[in-house]
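Below: one structure, written as structure tokens.
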2 protein chains.
Amino acid sequence: MNRIESTQNNQVKEWKKLLTRKGRKKQNKYIIEGEHLVEEAIKAGAPIETILVREDKWSAYSEYDEELTILISEEISLLLTDTVTDQGVFAVLKMDEEQEKITGNKPVLLLDEVQDPGNLGTLIRSADAAGFEGVIIGKGSVDLYNSKALRSAQGSHFHLTVLHDDLSVWIERFKAKEIAVYGTALDERAVSYHQIKPADTFALIVGNEGNGVDPKILETTTENLYIPIKGQAESLNVAIAASILMFTLYK
Amino acid sequence: MNRIESTQNNQVKEWKKLLTRKGRKKQNKYIIEGEHLVEEAIKAGAPIETILVREDKWSAYSEYDEELTILISEEISLLLTDTVTDQGVFAVLKMDEEQEKITGNKPVLLLDEVQDPGNLGTLIRSADAAGFEGVIIGKGSVDLYNSKALRSAQGSHFHLTVLHDDLSVWIERFKAKEIAVYGTALDERAVSYHQIKPADTFALIVGNEGNGVDPKILETTTENLYIPIKGQAESLNVAIAASILMFTLYK
């Protein structure tokens, strides 16, 4: 089995670049961290390039494929971790965004400028639980491969298709297939989600934590929905609102 | 208007103790931070004892009641803040937990050992939005007055009643009033929430992020519910699951 000790190793420098969006884009790879995520990736048959295990942790992970595994020193592990208490296990994966996998045969969630990585990850986890076909992350959103987003998604991105793409292109595609596209809005032009009949196919768009969905996008939807608020809260958290809609609208 | 400059001032030392659970309990007070929360407290007529404004910020907040306001130095503001970019405005409030305010005439949310302050705050915000009468936080949960919980609740605790109390006492009270008490569980003994008819009154219990609701509590409920998962996610975030149930079960 290979072993790398020096933080000055060129391979290590390339991995470290995967902690930034720019580095991920250039290499078309990303890094995941922690036992749960790595095991979800293995279970799902995700395109793992390398598994990295801190050398003092190997006994705990010795069932991993030795061909894929590289042992690393504690210094390298500390360099690559995004957490305070690193578990000493990572994997480097190829990004795998296959547009053809989103057909619209099942509901799809679209995210417009979601900023908080915890929200983004929770949205993907909830879309998975709701049985959605995929999630499309628009420009201006935090990306899936952000380490906090991956942590919050808890491996759900291995279960459904997640793309980073232009939302307007997909909205037109869905409409061309006569799939209903629902925006979400707080204003009076929106209709209560209680008025929508649950269905097998639709697209749902939720937006930025402060500003909601871009008004230009809302002009292109089939219908815009709101969740009636009974109390005095001004709004719901975006992941909460999307989850209520996903679970209610999908038949 | 009063002004305090020294971090060694006795009053300042007492406020600093409000950042800990022990200090809050002893003084029966808590501290809130930031413009939004302070203004929510004023708007709601919450029992504000003192408003603290960093002296360089006073021009922005000069509409506040001068009788209640104390100007503080930047050093004191840094001592009291829990955030990286402090807004220089705080309020000290009396804890105000009136048991009589929870009658069961509207739905009530019960929290069993919820550990994450962000989840706790989001649960309170969602319960407010759903029109619930109150939230009862059981022993072993993070407390409402934790600064991150308060931030996530976004002032919703001023809109409904939040108590810290023994859940089992309340479960018996609700059952004595013939109010349905729903636990939540993932196992086979639970029934799908789709089988429950929406109603005007009920109590809903959600539990710890890892372990769910204590099995001993689940034995005392009217019925235990689960949310069917269609995809491959193992579970939903507790605030998401509770919100789906709150919005669906309340008529």
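Below, all heavy atoms of this structure are taken into account, side chains as well, without hydrogens, waters or symmetry copies. Proteins get letters first, then strands, A, B, ... in listed order; numbering begins at 1 in each. These numbers come from a predicted model, not from an experiment.
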Quiz item: From B:T248 OG1 over to A:F247 CZ, what is the distance, rounded to the nearest 0.5 angstrom?
Solution: 10.0 Å

Quiz item: Is atom CD of A:E63 surrounded by more than 12 heavy atoms (other residues, nucleotides or ligands) closer than 6.0 Å?
Solution: yes

Quiz item: Is it the side chain or the backbone of B:Y250 that comes within 4.5 Å of chain A heavy atoms, both, or neither?
Solution: both

Quiz item: Is B:D128 reaching over with its side chain to a backbone N or O of A:G231, donor-acceptor style, under 3.5 angstrom?
Solution: no

Practice problem: Please look at A:T122 and chain B and tell me whether the side chain, the backbone, both or neither of the residue comes under 4.5 angstrom of a heavy atom of that chain. | Solution: side chain

Quiz item: Of all the residues in residues 143-161 of chain A, which have a heavy atom that comes within less than 4.5 Å of a heavy atom in chain B?
Solution: A:S156, A:H159

Quiz item: Which residues in residues 96-116 of chain A have a heavy atom less than 4.5 Å from any heavy atom of chain B?
Solution: none

Quiz item: Is it the side chain or the backbone of A:A130 that comes within 4.5 Å of chain B heavy atoms, both, or neither?
Solution: backbone

Practice problem: Please confirm whether the backbone N or O of A:E234 pairs with a side-chain atom of B:R125, one donor and one acceptor, at under 3.5 Å? | Solution: no

Self-check item: Pick from B:A241, B:S235, B:A239 with the largest number of heavy-atom pairs that fall under 4.5 Å of chain A
Solution: B:S235

Exercise. Please round to the nearest 0.5 Å and tell me the distance separating atom CD1 of B:I240 and atom OG of A:S243.
Key: 3.5 Å

Quiz item: Are A:L236 and B:S126 side-chain neighbours, meaning at least one heavy-atom pair lies under 4.5 Å?
Solution: yes

